[in-house]
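Both counts, for ligands and for their atoms, begin at 1 and track the order of listing.
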Amino acid sequence: MDAAKLLERQRTYFRSGATKSVEFRIHQLQTLKKLLSEHEEEFFNAVYADFKKPELETYATELGILHNEISYTIRHLKKWAKPKRLKGTWINFPSSNYTIAQPYGTVLVIAPWNYPIQLALLPLVGAIAAGNTVVVKPSELTPQASSVLHRLMSKWFKEEFIAVVEGGVETNQALLAEDFDHIFFTGSSRVGKIVMEAAAKNLTPVTLELGGKSPCIVDDSADLKTSAKRIAWGKFLNAGQTCVAPDYVMVKASVQDKFLEYLKEAIRSFYGVNAKLSPDYPRIINEDHFVRLASYLSDGEVFYGGKTDKMEYYIEPTILTDIEEHTAVMEEEIFGPILPVITFDDIGEAIDLINSKPKPLALYVFTTEKETEDRVIEKCSFGGGAINDVVAHLGNHHLPFGGVGQSGMGAYHGKKSFDTFSHHKGVMKKPLWLDVPFRYAPYKGKLKWIKKILK
Ligand code: NAD
């Protein structure tokens, strides 16, 4: 791949104005939707081949989310793309004022491996809707999914409009050296810094969708059985390889035993006593991640699970208790099926622990007490989250999705995606028939009038 040549072709295409009309954008989104429907089986098979992800999860967390986002965007795009009239101010009377959304131009989307289809194509939906051309670089860690994406997208779309480029770190480096108009990166905070540094050389704006340790609080007012079930679902979905999975649980000490029993019950009800035999439980993506995750197992007492099989990159859904302070499992993003459960006596302690760590991408609190809910939401800074649920908030395209601090910058989904990939230009229009003389020199005697207006 010649990154410079590809970008030049996309830039020429963008400058031709081909992507500008709303009709064109809607047509491309319809094409993308059709591609997803017609090749559903190929996507299912590719993601299964990469890490044994079950069909239902591939549909619910990848293709289905994409269909939903595309339909919603198609329905609202005409309205979003219209200029927005805004108020004028006295100082500029008379004037009419508006913002107009314009595409940035050529956009680079870099995706991770854990939801290989969704995280490559969901930003693309927003980028197309806003009228950009796009280069998408999926992850090299899911070679089957990336290859299907490359093959199908190049068949259905012109490369000068949308190009899927396969490759690893060197490919990213080659792309990042080019002068894109916007970079949308999803991945680790470590690589996020590399992307931002590269973007800074060209003053390219970035959206960074990063990771981190998303905490989950369970207090004694919550329905423990339902809470445990929802937490186990969100944690072990995709074998824990989800950016917004609850990373660790803080449970009120007085209900810990009951909560742990319910967690165990929930895991068994999902995957049976031997999750290795379950058709619904995926594998760890590769050996490096398997080794990293297996090393966490000795950071606490295994309350449930703990079995591993290196040949299959299998790690059983695992609950850890009695965790030593400052162990890797409590310091690093887990990103796998290991759930540390620690306790608190007072909600203030839980809040302090969260605030002592980098700002998380998500935060969850299970409680029926409004005061506890308000305290946690107000006192902790986090990307987004849910009360009495986990992960599900990202399925609502009305909510912006993104991190804060170390977990990212910028947001997308629904209208927010359109805004993220657009520059909102502010324009003032004035008539020439009235020309108030205050602004012009000589200024003598005018300051007191200016002060009266600008106060
Ligand atoms: P990663 O940062 O290792 O890789 C992401 C992308 O960056 C890949 O396409 C990869 O090829 C590229 N890359 C890797 N090293 C690079 C380098 N040195 N220079 C340039 N590019 C490089 O992330 P990952 O392992 O694929 O994904 C897991 C991480 O992503 C976790 O931290 C997770 O929390 C985060 N994540 C965040 C979200 C979100 O929406 N906020 C979603 C999914 C995953």
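- In terms of protein heavy atoms, atom 27 (O) of ligand 1 is closest to Pro112 CB, 3.4 Å.
- The shortest N or O to N or O distance between Gly187 and ligand 1 is under 3.5 Å.
- By the 4.0 Å heavy-atom criterion, Phe401 is counted among the residues contacting ligand 1.
- Against a heavy-atom cut-off of under 4.0 Å, Glu209 is close to the following atoms of ligand 1: 37 (C), 38 (C), 39 (C), 40 (O), 41 (N).
- Using a 4.0 Å threshold on non-hydrogen atoms, atom 23 (O) of ligand 1 counts as touching the protein.
- Counting non-hydrogen atoms of neighbouring residues, nucleotides and ligands closer than 6.0 angstrom, the NZ atom of Lys229 reaches no more than 12 such neighbours.
- When each of Thr142, Thr58, Thr61 is checked for a side chain to side chain donor-acceptor pair (under 3.5 Å) with Lys53, only Thr61 meets the rule.
- Ranking the protein heavy atoms by distance from atom 11 (O) of ligand 1 puts Glu140 OE1, 2.6 Å first.
- Geometric assessment of Lys20 against the ring of Phe14 yields a positive cation-pi assignment under the 6.0 Å and 45° thresholds.
- Considering backbone and side-chain N/O of Thr186, none are found under 3.5 Å from N/O of ligand 1.
- Proximity of Leu210 to ligand 1, defined as any heavy-atom pair under 4.0 Å, is confined to the backbone N, CA, C and O atoms.
- The protein atom (non-hydrogen) at minimum distance from atom 34 (O) of ligand 1 is Glu333 OE2, 2.6 Å.
- A salt bridge is defined here as a Lys NZ or Arg NE, NH1 or NH2 lying under 4.0 Å from an Asp or Glu carboxylate O, and Arg151 with Glu42 meets this definition.
- Between Phe335 and Trp113, the distance separating the two ring centers is shorter than 6.0 angstrom.
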Please test Tyr296 against Glu332 for side-chain hydrogen bond (donor to acceptor under 3.5 Å, both in side chains), starting from the C-alpha separation and ending with a verdict.
CA-CA 10 Å; Tyr296 294 151; Glu332 296 165 9; 2.6 Å; yes
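- Each of Val136, Val165, Asn172 was compared with Ile110 under the side-chain contact (heavy atoms from CB on, under 4.5 Å) criterion, and only Asn172 meets it.
- Annotation: side chain of Arg283 is in contact with side chain of Tyr314 (closest heavy-atom distance under 4.5 Å).
- The protein heavy-atom contact nearest to atom 25 (O) of ligand 1 is Trp113 NE1, 2.9 Å.
- If you check which protein heavy atom lies closest to atom 18 (N) of ligand 1, you get Ile194 CD1, 3.5 Å.
- Summary of contacts: the protein heavy atom closest to atom 39 (C) of ligand 1 is Cys243 SG, 3.5 Å.
- At the top of the distance list for atom 2 (O) of ligand 1, counting protein heavy atoms only, stands Ser188 OG, 2.6 Å.
- Which parts of ligand 1 touch Ile110 is read off a 4.0 Å heavy-atom cut-off, strictly below it: atoms 6 (C), 7 (O), 9 (O).
- Against a heavy-atom cut-off of under 4.0 Å, Phe335 is close to the following atoms of ligand 1: 28 (C), 31 (C), 33 (C), 34 (O).
- Heavy-atom contacts from other residues, nucleotides or ligands closer than 6.0 Å to NE2 of His27 number 12 or fewer.
- Contacts of Tyr115 with ligand 1, taken as heavy-atom pairs under 4.0 Å, are absent altogether.
- Contact check on Glu8 versus Lys5 returns no salt bridge, with no Lys/Arg side-chain nitrogen under 4.0 Å from an Asp/Glu carboxylate oxygen.
- Proximity of the aromatic rings of His76 and Tyr72 is defined here by a centroid distance below 6.0 angstrom, and this criterion is met.
- At a 3.5 angstrom cut-off on N or O pairs, His289 does not count as close to ligand 1.
- With salt bridges taken as basic N to acidic carboxylate O contacts below 4.0 Å, none links Asp288 and Arg292.
- Summarising the contacts of atom 17 (C) of ligand 1 with Leu141, Asn238, Val169, the nearest heavy atom is found in Val169.
- Atoms of ligand 1 lying under 4.0 Å from at least one heavy atom of Leu119, given by number and element, are 42 (C), 43 (C).
- In Ser189, neither the side chain nor the backbone holds a heavy atom less than 4.0 Å from any atom of ligand 1.
- The side chain of Asn114, and not its backbone, has at least one atom closer than 4.0 Å to an atom of ligand 1 (non-hydrogen atoms only; side chain from C-beta on).
- In terms of N/O distances under 3.5 Å, ligand 1 is approached by Ala111.
- Of all protein heavy atoms, the one lying nearest to atom 13 (N) of ligand 1 is Asn172 ND2, 3.3 Å.
- The distance from atom CG of Leu141 to atom CD of Gln241, rounded to the nearest 0.5 Å, is 10.5 Å.
- Between Phe421 and the options Tyr412, Trp80, Phe184, a ring pair (Phe, Tyr, Trp, His ring centres under 6.0 Å) holds for only Phe184.
- Contact analysis leaves Gly403 out of contact with ligand 1, as no non-hydrogen atom separation drops below 4.0 angstrom.
- In this structure, Phe161 has its ring center under 6.0 Å from that of Phe24.
- Short contacts between ligand 1 and Lys137, defined as distances under 4.0 Å to a heavy atom of the residue, involve ligand atoms 9 (O), 11 (O).
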